[in-house]
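What follows is a short report on a single structure.
These numbers were taken from a predicted model, which means no experiment stands behind them.
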Amino acid sequence: MIRDGRLWPWAMALVLGLTMGANLLVFRLARGDASFAVEPDYYAKAVAWDSTRALDARSDALGWTVNASLAPMPATETLHLAVHLHTAEGTPVQGATVSVEASHNARGSRVLSDTLRSTSPGTWESMLPSSRTGLWEVRVTAIRGRDHFRRTLRLDTASPAHNPTP
């Protein structure tokens, strides 16, 4: 048995190597988890917090309401999204550009974005490339001239419609 201390540096190097290997393994597992999501451009959004709140206040002042539905299409790998917008007076919003960002709660790292097509007054639709059922977060943005409306909805593919306004 060697007692002059020559093994001590090798033991320390082995411990450090094992620690680095374990950390790299944990890092790889964390990056590969589709349920883990980080808000894109979170720092820029944090810096712009006051202007975001002002935009939300202008959106609220419009008094628009949004109803939406999300349903799986049979025999396809798609979801049908329908968004219905009405003014404060209850008339359908027309002439707006409506876009969405949607993510399933169990797979928050996969965000689906689309600009919806108008199918009738106050109604916009899209087919999202996913067959995942359950709870979704859908961020709706509608722009018409100087009007800018934004809402975040929680949609369940099992429920027919959602109305977040009281």
> Are the side chain of Thr19 and the backbone N or O of Val15 linked by a donor-acceptor pair below 3.5 Å?
Replying inline: yes

>> Do Arg151 and Ser59 make a side-chain contact, defined as non-hydrogen atoms from C-beta onward lying under 4.5 Å apart?
In response: yes

> Do the side chain of Thr52 and the main chain of Ala48 share a donor and acceptor less than 3.5 angstrom apart?
Replying inline: yes

> How about Val140 and Glu101: do any of their side-chain heavy atoms sit closer than 4.5 Å?
Replying inline: no

>> Would you say Leu112 ends up clustered with Leu153 if hydrophobic residues are merged whenever their side chains have heavy atoms under 4.5 Å apart, either directly or through other cluster members?
In response: yes

>> Using 0.5 Å steps for rounding, measure from the CG atom of Asp114 to the OG atom of Ser99.
In response: 9.0 Å

> Do the ring planes of Phe149 and Trp64 sit parallel (below 30°), tilted (30 to 60°) or perpendicular (above 60°)?
Replying inline: tilted

> Any side-chain heavy atom of Leu128 within less than 4.5 Å of one from Thr78?
Replying inline: no

> Could you state the interatomic distance from OG (Ser126) to CG (Leu81), rounded to the nearest 0.5 Å?
Replying inline: 6.0 Å

> Does a side-chain heavy-atom distance below 4.5 Å link Trp10 with Met12?
Replying inline: no

> Is there a donor in the side chain of Thr119 and an acceptor in the side chain of Glu125, or the other way round, less than 3.5 Å apart?
Replying inline: yes

> Going through the distances and angles, do Ser131 and Glu77 end up as a side chain to side chain donor-acceptor pair (under 3.5 Å)?
Replying inline: CA-CA 5 Å; Ser131 61; Glu77 296 287 319; 2.9 Å; yes

>> Please tell me whether Thr91 and Glu89 have a donor and an acceptor in their side chains that are separated by less than 3.5 angstrom.
In response: no

> Does a salt bridge link Asp50 with Arg53, judged by any charged N lying under 4.0 Å from a carboxylate O?
Replying inline: no

> Do Trp124 side-chain atoms and Ser120 backbone N/O form a donor-acceptor pair below 3.5 Å?
Replying inline: no

>> I'd like to check His148 versus Arg58 (side-chain heavy atoms, cut-off strictly below 4.5 Å). Are they in contact?
In response: no

>> Quick check: closest heavy atoms across Ala106 and His104, and the distance to 0.1 Å?
In response: N-ND1, 3.0 Å

> CG of Leu79 to CG of Leu70: how many Å apart, nearest 0.5 Å?
Replying inline: 5.0 Å

> Under 4.5 Å between side-chain heavy atoms, hopping through other hydrophobics if needed: is there a path connecting Val98 to Leu62?
Replying inline: yes

> Are the side chain of Thr157 and the backbone N or O of Gly134 linked by a donor-acceptor pair below 3.5 Å?
Replying inline: yes

> For Val138 and Thr152, what are the C-alpha separation, side-chain angles and deciding distance, and is it a side chain to side chain contact (heavy atoms under 4.5 Å, CB included)?
Replying inline: CA-CA 6 Å; Val138 179; Thr152 300; over 6 Å; no

> Under the 3.5 angstrom rule, does the side chain of His86 hit a backbone N or O of Val66 as a donor-acceptor pair?
Replying inline: no

> Considering only heavy atoms from C-beta outward, does the side chain of Thr97 approach that of Arg144 to under 4.5 Å?
Replying inline: no

> Can you tell me how far CG of Asn23 sits from CG of Leu18, rounded to the nearest 0.5 angstrom?
Replying inline: 11.0 Å

> Are any non-hydrogen side-chain atoms of Thr141 and Val100 less than 4.5 angstrom apart?
Replying inline: no

> Got a second to check how far Gln94's CD is from Ser118's OG, nearest 0.5 Å?
Replying inline: 7.5 Å

>> side chain to side chain contact (heavy atoms under 4.5 Å, CB included) for Ser103 and Arg139? Distances and angles first, verdict last.
In response: CA-CA 9 Å; Ser103 63; Arg139 297 176 183 180; over 6 Å; no

>> Other residues, nucleotides and ligands only: do more than 12 of their heavy atoms fall within 6.0 Å of CG on Asp41?
In response: no

> Under the side chain to side chain contact (heavy atoms under 4.5 Å, CB included) criterion, do Asn67 and Leu85 qualify, and how do the steps go?
Replying inline: CA-CA 7 Å; Asn67 291 309; Leu85 286 171; over 6 Å; no

>> Just verifying a value: how many Å separate Asn105 CG and Leu155 CG, rounded to the nearest 0.5 Å?
In response: 10.5 Å

> Is any side-chain N of the basic residue among Arg150 and Asp60 closer than 4.0 Å to the acidic one's carboxylate O?
Replying inline: no

>> Quick check: do Pro72 and Arg132 have side-chain heavy atoms less than 4.5 Å from each other?
In response: no

